[in-house]
Amino acid sequence: MLLLTLSLIALIIGPAVLAATSNNRRLDNFLFSFVLISVGGILLIDLLPELWSQIGIFLLPPLAIGFFGPGLVEIGFHKAADKAHKVALILGILGLLLHSAIDGIALTENQSNEMLSYAVILHRLVVGLSIWWLVEPVWGRNRSYAIFSLLIIATVLGYFLGDNLMKPEATTPLWIHYFQALVAGTLLHVIIHRPHIDDDGHHHDHAHALQHDPEHSHSHGIVIKHIGYFSFGAIVALVFLWLIHHFH
């Protein structure tokens, strides 16, 4: 139960800090590099190699669809850009719910290996902060609280059902591998194309930008005004990745 409690605390530390901190571009630039490198690193170093070992080159189509799909929708239908982005975000959240359940299972399966359990807990610090940073500007705090409630429930269910779900003869359904590849591409898309904060501390999503610039594209959401904060976020992310793999 201690490991489960620590994993839940790790999940909500980031959101608690961000909810108490007013929006500003410096923090946004720090978090952009931190989330991109830490989450991207976890995907590239952990998830994708594992998926490659399971389904090989067939992981590339769903990965590409998740990453490029919303952008292709925007090219053909400018007004649908925000909807495509939100659909991508929903898919990402569904994938993270599944991932939270897997985290809960991992905590039961590896109680004899505390290092792996600590790796799970450490990476949930990144996951919690990342989800809040991505979701709160788009859906607001009340819906973000609801999403975190679901993540907590999924983790607890995974923890208490882990012994039954992870029997030696159990195999992972093939569709889960493809879904995880789709989610990996989707997460990278929503991170890169997240609404940015202007100098007044306001979020500017795609719909707002299109009203003022019909030629606006998703890539314009990447705004780096404070290179020092951006660089510091990258360094902290690399330290987190090293810690996770050190414990692993």
Side-chain angles (χ1 to χ4, degrees), residues 3-15 34-55 59 62-63 65-67 87-110 116-136 139 144-162 164-166 170-191 194 237 240-241 243-245 247-248:
L3 293 175
L4 174 63
T5 302
L6 289 175
S7 75
L8 297 180
I9 292 173
L11 184 68
I12 63 175
I13 285 178
F34 175 80
V35 171
L36 179 62
I37 293 174
S38 58
V39 175
I42 289 171
L43 294 177
L44 294 174
I45 298 172
D46 290 330
L47 178 61
L48 294 182
E50 174 63 23
L51 291 177
W52 181 272
S53 70
Q54 297 294 330
I55 58 178
L59 79 85
L63 180 68
I65 290 172
F67 184 77
V87 168
L89 187 55
I90 290 171
L91 282 175
I93 295 302
L94 290 175
L96 289 169
L97 285 172
L98 174 63
H99 188 77
S100 289
I102 293 173
D103 283 345
I105 294 170
L107 291 172
T108 63
E109 287 296 302
N110 297 287
L116 182 55
S117 296
Y118 290 145
V120 171
I121 292 168
L122 267 177
H123 101 277
R124 283 172 70 83
L125 285 168
V126 176
V127 169
L129 187 149
S130 303
I131 296 174
W132 184 271
W133 184 74
L134 290 169
V135 172
E136 196 272 338
W139 288 335
S144 298
Y145 291 145
I147 289 171
F148 271 84
S149 298
L150 292 175
L151 291 170
I152 290 171
I153 291 171
T155 305
V156 173
L157 287 176
Y159 182 84
F160 286 107
L161 298 177
N164 294 325
L165 294 175
M166 295 299 288
T171 57
T172 303
L174 191 61
W175 68 268
I176 288 183
H177 297 313
Y178 290 105
F179 180 66
Q180 287 180 317
L182 177 67
V183 167
T186 297
L187 287 174
L188 290 175
H189 173 88
V190 297
I191 290 169
R194 173 187 176 273
F240 258 92
L241 285 175
L243 285 172
I244 289 170
H245 286 277
F247 281 119
H248 193 286

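Numbers for residues simply follow the sequence, beginning at 1. Given the structure is predicted, the values throughout are model-derived calculations rather than measurements. Computed from heavy atoms alone, side chains included, the values below leave out hydrogens, waters and symmetry copies.
Less than 6.0 angstrom separates the ring centroid of Trp132 from the ring centroid of Tyr145.
Counting all heavy atoms, side chain and backbone alike, Ser130 lies closest to Val39 at OG-CG2, 3.3 Å. Residues Ser100 and Leu151 share a closest heavy-atom pair of OG-CD2, 3.4 Å. Between Pro15 and Gly128 the shortest heavy-atom distance is CG-O, 3.5 Å. Nearest heavy atom pair, residue Thr186 against residue Leu89, reads CG2-N, 4.4 Å. Listed here is the closest heavy atom pair of Leu91 and Leu182: CD1-CD2, 4.1 Å. Of all the heavy atoms in Ser38 and Ala237, the pair that sits closest is N-CB, 3.8 Å.
For the atom pair CG of Leu51 and CG of Asp46, the computed distance is 11.0 Å after rounding to the nearest 0.5 Å. Taking CG of Leu174 as the start and NE2 of His177 as the end, the distance is 6.0 Å to the nearest 0.5 Å. Here the straight-line distance linking atom CG of Leu97 with atom CD1 of Ile102 works out to 11.0 Å at 0.5 Å rounding. Note: His99 NE2 to Gln180 CD = 8.5 Å, rounded to the nearest 0.5 Å. Put simply, OG1 on Thr155 and CD1 on Ile105 are 10.5 Å apart, with the number rounded to the nearest 0.5 Å.
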Should Phe179 and Val183 be marked as a side chain to side chain contact (heavy atoms under 4.5 Å, CB included) after you check the CA-CA gap, both sets of side-chain angles, and the distance that decides it? CA-CA 6 Å; Phe179 180 66; Val183 167; 3.7 Å; yes
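No side-chain heavy atom of Ile37 sits less than 4.5 Å from a side-chain heavy atom of Phe240. Using a 4.5 Å heavy-atom cutoff, the side chains of Trp139 and Ile90 are in contact. The shortest side-chain heavy-atom distance between Ile93 and Ile131 falls under the 4.5 Å cut-off. Side-chain contact between Phe67 and Leu63 is absent, with no heavy atoms from C-beta onward closer than 4.5 Å. Proximity of Gln54 to Leu59: side-chain heavy atoms (C-beta onward) are nowhere separated by under 4.5 Å. Looking at heavy atoms from C-beta onward, Ile12 lies in side-chain contact with Ile152 at the 4.5 angstrom threshold. The shortest side-chain heavy-atom distance between Leu8 and Tyr159 does not fall under the 4.5 Å cut-off. Proximity of Val135 to Phe148: side-chain heavy atoms (C-beta onward) are nowhere separated by under 4.5 Å.
The ring-ring contact (aromatic ring centres under 6.0 Å, His included) test applied to Tyr178 returns no partner, not counting sequence neighbours.
A side-chain donor-acceptor contact under 3.5 Å links Arg124 to the backbone of Ser7.
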